[in-house]
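Note that the coordinates shown come from a computational prediction; the quantities given were computed from them, not determined experimentally. Within every chain, numbering begins at 1; the chains are lettered A, B, ... in the order of the sequence lines, protein sequences first and strands thereafter. Computation of the quantities below employed the complete heavy-atom set of this structure, encompassing side-chain atoms and omitting hydrogens, waters and symmetry-equivalent molecules.
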2 protein chains.
Amino acid sequence: MPVAADRTTSDRLLDAAVELFARHGFHGTSIRDIAERAGVNVAAGHYHYGSKAGLYLAVLRAQFAEVRSELARRGIEPPASAVRRASRRELVRLFEARVTAMLEFLLGPPPSAHGQLMLREMCDPTEALPIIVAEFIEPQTREMERLVARLIPDAAREVVSDIAFSVIGQVLFYRFTMPVALRLRRESRYPRGFARKTARHITTFSLNAIDGMAAGARSRARAR
Amino acid sequence: MPVAADRTTSDRLLDAAVELFARHGFHGTSIRDIAERAGVNVAAGHYHYGSKAGLYLAVLRAQFAEVRSELARRGIEPPASAVRRASRRELVRLFEARVTAMLEFLLGPPPSAHGQLMLREMCDPTEALPIIVAEFIEPQTREMERLVARLIPDAAREVVSDIAFSVIGQVLFYRFTMPVALRLRRESRYPRGFARKTARHITTFSLNAIDGMAAGARSRARAR
DNA sequence: GGTCGATTAAAACATCCGTTTGACCATGGC
DNA sequence: GCCATGGTCAAACGGATGTTTTAATCGACC
C-alpha cells in the first residue's frame with residue numbers, strides 16, 4: 001500500500017518513515033520496508049537523508065515542528081499577557097482547554113504518531129530527544145507553569161514547577177499507558193469522548209489539588 | 001564483562017538478558033550479545049528457552065515475579081482489613097509510604113530494570129504485557145483504589161478509579177519521562193533523596209485533590 | 001543537440017541476524 | 001564397560017540488514 005503518488009521521493013519517504021518508525025520503532029523498521037511503502041528504491045533513503053539514522057532524525061524534526069504549529073493553530077497558546085490579566089474563571093477555562101487539547105491531540109482518534117514517537121524516545125533517547133523537548137515538552141511546561149503560577153499566587157517557583165509536572169504527567173500518562181489502560185478496560189481503543197472526559201477529571205483533580213495547596217500555604221503563613 | 005560464574009548456564013543467560021533487553025530492547029539486543037555477556041555459547045539460548053522470544057518472556061516473568069515479592073517484603077501491602085480499620089492519619093501515612101516505595105523501587109539508584117522493561121512493553125506490547133499488568137499494575141491499582149476509597153467516602157467507583165489512576169500516573173510518569181526530566185534539570189541522574197522528595201509532592205498534591213473533591217461532593221450533596 | 005548535474009534504479013557488498021546441526025563431553029545406571 | 005542422557009560447543013545455514021557502487025534516466029541550460 002504505497003503512499004500518495006503526487007509527491008517528491010523525499011516526501012514520500014518521510015511519510016512512510018513516520019508511519020513505520022512510529023509503529024515498529026527504529027530497530028524494528030528496515031530501510032527496505034520504508035522504501036517499499038513509499039514506492040521508491042532502497043537507495044533513495046541514503047541519497048536523500050544520508051543514513052537510516054538521518055531519516056529517523058528528519059522524521060522527528062518534521063513531526064514535532066508540525067506539533068508546534070498545530071498547537072498554535074488550535075489557539076491554546078494565548079499571549080502571556082492574556083494569562084497575566086485573566087480572571088480566575090478565565091484561568092480555569094484556559095486550564096481545561098489546554099488539558100483537553102493536549103489529550104485530544106495525543107489520543108486521537110486515530111492515535112497520533114507524535115505520541116508514539118515521543119514514547120519511543122523515552123525508551124531509547126536519541127539525538128532527536130532535544131528536539132522533542134524543545135518543540136513540545138518545554139513550551140508546554142512553561143505555559144502550564146504560567147497558568148499554575150496565577151492559580152496559586154505567591155508559591156515558590158519550585159512548587160509551581162512540581163505542580164505543572166504533575167499535570168503534564170497525568171496527561172502524558174494516559175497516552176503512554178494506553179495499551180495497559182485499554183487492557184484493564186477490556187477495550188481495543190478509547191471510547192468516543194474519552195479525551196474530553198479524562199480532561200475533565202484531570203482538571204478537577206488538579207484544580208482541587210492546587211486550591212488545597214494554596215489554602216494550606218495561606219494558613220501556614222497566618223500561623224507564622 | 002561476563003556475569004558471575006557460579007551459576008547455571010540458564011541463570012546466567014537470564015541475568016545477561018535482563019540487562020541487555022532492558023538497556024537496548026528486544027530488537028536492539030542480539031542472542032550473540034546475550035551469550036557473550038553470559039559467557040556461554042550462542043546455542044545455549046535456544047537450548048534453554050526455545051527461542052529469543054521465549055527468553056524475553058522468561059525475563060519478564062522472572063522480573064515481575066520478583067517485583068511482586070519485593071513489594072510484599074517492603075510491607076506496603078497491608079491486609080485489606082487493616083486499611084478498612086485505619087484512621088485518617090494512618091491512611092495518609094499508608095498513602096505516602098506506598099507512593100514512596102513505588103518511586104524508590106522504580107527510580108533506584110541504580111534505576112531498576114523493571115521500570116525500563118515496563119516502559120518498553122508500553123511501546124511494543126508483547127505477550128508479556130498481561131504478566132506485567134497482573135503482577136504489578138493491577139494489584140497496585142487495586143490497593144491504591146482501596147486507600148482512595150477510604151479517603152473519599154461515598155464516591156462512585158468510577159471516581160475512585162480515576163483518582164487512583166491519577167496517582168499511579170504521576171508515579172509512573174517520573175519513571176517514564178526520566179530522560180526528559182533529567183534533561184530539563186540538566187543533570188545525569190536524579191539527586192539523592194529525589195524519590196522521597198517527589199513522593200512528598202505527589203502525596204501533598206493528591207491528598208489535596210482528594211480532599212477537595214470530597215468537600216465538593218459534600219457541598220453538592222447539601223445543595224440537593 | 002549536447003553537456004552536465006541531479007535523481008533514480010538495479011545489483012552487489014559485507015555484516016549481522018536467529019536458528020539448526022552434529023560432534024563432543026560429563027555423568028549415572030545397568 | 002557401555003550405552004543413554006542432558007548439556008555445551010564450534011560451525012554453518014539461509015536470510016535480512018544497512019550501505020555502497022555503478023549505471024541509467026531525466027531536465028535544464030547553453
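- In this structure, His46(A) atom NE2 and dA11(C) atom P are separated by 18 Å, rounded to whole Å.
- With dT8(C), dT19(C), dT20(D) as the candidates, the nucleotide lying closest to the side chain of Ile31(B) is dT19(C).
- The residues Glu36(A) and Arg32(A) are annotated as not salt-bridged, no charged nitrogen and carboxylate oxygen being separated by less than 4.0 angstrom.
- A straight line from CD1 of Ile34(A) to P of dA16(D) spans 17 Å, rounded to a whole angstrom.
- Within the 4.0 angstrom heavy-atom criterion, no nucleotide atom of any strand lies near Ser10(A).
- Contact annotation: His48(B) side-chain N/O to dG6(D) OP1/OP2 distance is not under 4.0 Å.
- The salt bridge (Lys or Arg N to Asp or Glu O under 4.0 Å) test with Arg68(B) is passed by exactly one of Glu143(B), Glu138(B), Glu135(B): Glu135(B).
- Atom-to-atom distance recorded for Leu14(A):CG and Thr9(A):OG1 is 12.5 Å, nearest 0.5 angstrom.
- In this structure, Asp33(A) atom CG and dG15(D) atom C1' are separated by 14 Å, rounded to whole Å.
- Put simply, NE2 on His27(A) is 12 Å from P on dG18(C), counting in whole angstrom units.
- Atom OH in Tyr49(A) sits roughly 18 Å away from atom C1' in dT19(D) (whole-Å rounding).
- Phosphate proximity of dT8(D) to Thr9(B): present, with a side-chain N or O under 4.0 Å from OP1 or OP2.
- Comparing dA9(C), dT17(D), dT19(C) by their nearest atom to the side chain of Ser30(A) picks out dT17(D).
- The nearest whole Å value for the distance from the CZ atom in Arg32(B) to the P atom in dC13(D) is 14 Å.
- Nucleotide dT20(C) holds its C1' atom 17 Å from the NZ atom of Lys52(B), rounded to whole Å.
- Checking dT19(C), dA10(C), dC9(D) against every side-chain atom of Ala43(A), the shortest atom distance belongs to dA10(C).
- Side-chain contact annotation: Ser166(B) with His201(A), donor-acceptor N/O pair under 3.5 Å present.
- Spacing between atom CG of Asn41(A) and atom C1' of dT22(D) amounts to 13 Å, rounded to whole angstrom units.
- One distance of note links CD of Gln116(A) with CD of Gln63(A); it measures 12.0 Å at 0.5 Å rounding.
- Here dT8(C) is the nucleotide among dT19(D), dT8(C), dA9(C) with the atom lying nearest to any side-chain atom of Tyr47(A).
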